[in-house]
Amino acid sequence: MVNKTVIISNRLPVKIVEQDGEYLLSPSEGGLATGLGSVYKKGGNIWIGWPGIDVPEDRQEEVTKQLAELNLIPVFLSAEEINLYYEGFSNEVLWPVFHYMVTYANFEQNYWDFYKSVNRKFQEATLAHLNEGDTIWIHDYQLLLLPYMIRKAQPNVIIGFFQHIPFPSYEIFRLIPWREELISGMFGADLLGFHTFDDVRHFLSAASRLSGAKISDNVITHNDRQIVVESFPMGIDAEKFENLIGDSLVKEYVESFKESVQDRKVIVTIDRLDYSKGILQRLQAYELLLQVHPEYVDKLSLYMIVVPSRDTVPQYKELRDQIDQLVGNINARFRTLNWLPVHYFYRSFPIEFLSALYSSAHICLVTPMRDGMNLVSKEYVASRTDDTGVLILSEMAGASKELNDALIVNPNNIGDVMNAIVKAVSMPLEEQKRRMHVMRGLVKKFDIHLWVKNFMDKLEEVKQMQESLLTKHAVVAVREEIGRAYTGAADRFIFLDYDGTLVGFNGDIDRASPDEELYQILENLSADPANRVVIISGRRHETLEEWFGHLKLDLIAEHGAWQKHYQEEWKSLPLLTDKWKHEVRTVLDTYTDRTPGSFIEDKSYSLVWHYRKVEEGLGELRANEIINHLKVTVADKGLQLMPGNKVIEFKNIEVNKGKAALNWLYGNHPDFIIAFGDDHTDEDIFKALPDEAYTIKVGSNISAAKYYLRNFVEVRDFLRTLYAATPHRV
Ligand code: GDG
């Protein structure tokens, strides 16, 4: 069966109207629909979503058939569901919180219940069309729970998720009562996309604080899966906006504009009605301008289009009233017989009208308080085919990260916005062209098609990464193969790391002592005379002696600085010096005094700075400070610095687990070697051992080992199956 791609979003890219008892469908022209057209219209691919109207149950089959012809699959939602899941949770909880307008949020339990049940409806609709190996791309904040819901029911699909609105800082996100559930829902994805790197940072920070998942750069390791988090700044259909300039209808509109504005300079603003768009503040800035600079009276015309949106919600209705009032005030105060300061339209227009506005406007004023990206700014730029015109852009819009040749403003600072308008009005043509040319090149190159391609390519890359990890997992077949090699061997070396490999990772290093079950396993394993079982650990030799001295084991402590063959004495590596310790210790002490929860472990030939109990983030910061501080000392004294799992260790360069393991093999010719380890000090063993050795990494990180097991429980099971399969079974 050929794998397909499934797009899922709250709304299907289609407009349905009922006329004379018939349902009439017209495809949506929005940029996203155009961009994704290249995906969902191909082959057996589909797009799943709400069709946008309430269809009575007895007509749903008919609509489903009509939609199927366009590769669209409907999720029918009742008025109540739309009210509570969409208007309620999505737009009265997530939207305000994600746009930093927390006081507008209504944390209603009822909204959350419906959010969950509607996400489940999307899950059911998806599963009905899903096969193993399919690729899924989910869109936006209405469906945050869906990735995990799908993953749980169908683990073998690849899931991408893109959020079109900002992801707020953790301090804001944590206010949501259901924050952990939302993060877990998103964790079902393989690839999480946001518009900007700031959104990525905020998500990673919230994810690490709320889930305890391991995060390294932009990769989260959770439940044995890796989740890649990336920024994909969305683009527009730039070619379409360029071409529209030549359209005859657009030209007609441009002509009539010219007549009405004459030689005044036009400022355009276009937004959906939303408190995140900064419409009121922008009007205030314009009012201030007319007040402070009366010379601009009759010289400027502000064309302001506000597209109706969510105006049944009280806050939106209130905003609309406030806009009406402010526009009325400005016009009443400053208008002249032949001039109107603000031309305000509360409705939507055909795209040709927008294009005419974009190409007629000297200035485009885009000043949202927060905006995931803001496509209007890019549409204006794409429409300026002669490179003239000035874009004034809020630093709070995602687009400001790319369009930094715009006049960037803080939308809360109306004086700043006013000054930007003054600067824009008088900007020399060359400067306009220089700035616009750069921005137009950018908007043209990073268009909606490249955005779709980049996301899909990354999804494919992540899929391959997941697959390659999967093949390394020591699944049943692998264990059987290793089991056969083990049984057939007469002289075996078994290297076992301790922390994280034989026992779980413990916040308190002294509490991770061996338990009865582990002793049993080690006793059984070492009872076979063909086995040399070697514990190879970073722990102090005194500790290993205390825990394992009574067993038939070889012990390597402090990464090889101390060694003991069974029934012999402990020996330290010859020619090691610990003279450097005093200098390093003095520095580490100062950091420990400033960092609650951190402590120093002093071993014979190494010093370890532990920060597993330090406040999240602070420990990493201090570790980096220490590394910088001691860089020179490390080089001068011939030391090795090893950052590990919530630790940094300083040790003599000669000390290395890989060298120690090789030393152990010296003069022996075993026919079976296996090594288990969980952190990067064990990588030295994996790399040093001969090719025929079986190397097993514990945890699912990328490793030089041939296979991996998920955790110490799997390691113990594995060891049990090994000795249970031999005739020497105890
Ligand atoms: C969300 C995020 C992110 C506007 N008026 C008319 C009309 N429009 C079109 C514009 C533009 C789109 O609507 C608005 O897009 P924005 O990006 O500006 O804002 P949101 O709707 O809030 O979108 C936003 C976006 O998702 C994409 O990820 O950028 O941050 O909030 O394309 O041209 N189109 C027509 N008539 C109108 O009157 N035909």
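This chain uses plain numbering: 1 for the first residue, then up along the sequence. Ligands are counted one by one from 1 in listed order, and the atoms in each one are counted from 1 as well.
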Under 4.0 Å from ligand 1, counting heavy atoms only: the protein residues, by chain and number: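 Only Trp95, His164, His195, Met234, Ile270, Arg272, Lys277, Val307, Ser348, Phe349, Leu354, Asp371, Gly372, Met373, Asn374, Leu375, Val376, Glu379 have heavy atoms that fall under 4.0 Å of ligand 1, ordered by chain and number.
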
Aromatic Tyr100 / basic Arg370 pairing, under 6.0 angstrom, 45° off normal: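 Relative to the ring axis of Tyr100, which defines the angle, Arg370 lies inside both limits.
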
Glu181/Lys116 salt bridge by N-O under 4.0 Å criterion: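 Answer for the salt bridge query: no.
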
Salt bridge present between Arg440 and Asp387 (N-O < 4.0 angstrom):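 Looking at Asp387 together with Arg440, the answer is yes, because their closest N to O distance falls below 4.0 Å.
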
side-chain hydrogen bond (donor to acceptor under 3.5 Å, both in side chains) partners for Tyr141, two or more places apart: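 Counting only residues at least two positions away or on another chain, Tyr141 forms a side-chain hydrogen bond (donor to acceptor under 3.5 Å, both in side chains) with Asn91, Arg310.
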
Main-chain N/O of Tyr23 paired with Gln66 side-chain donor or acceptor, under 3.5 Å: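 Yes, Gln66 side chain to Tyr23 backbone: donor-acceptor pair under 3.5 Å.
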
Ile270, Ile305, Val307, Leu357 screened by side-chain contact (heavy atoms from CB on, under 4.5 Å) with Phe349, the one that passes: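 Testing Phe349 for a side-chain contact (heavy atoms from CB on, under 4.5 Å) against Ile270, Ile305, Val307, Leu357 leaves exactly one candidate, Ile305.
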
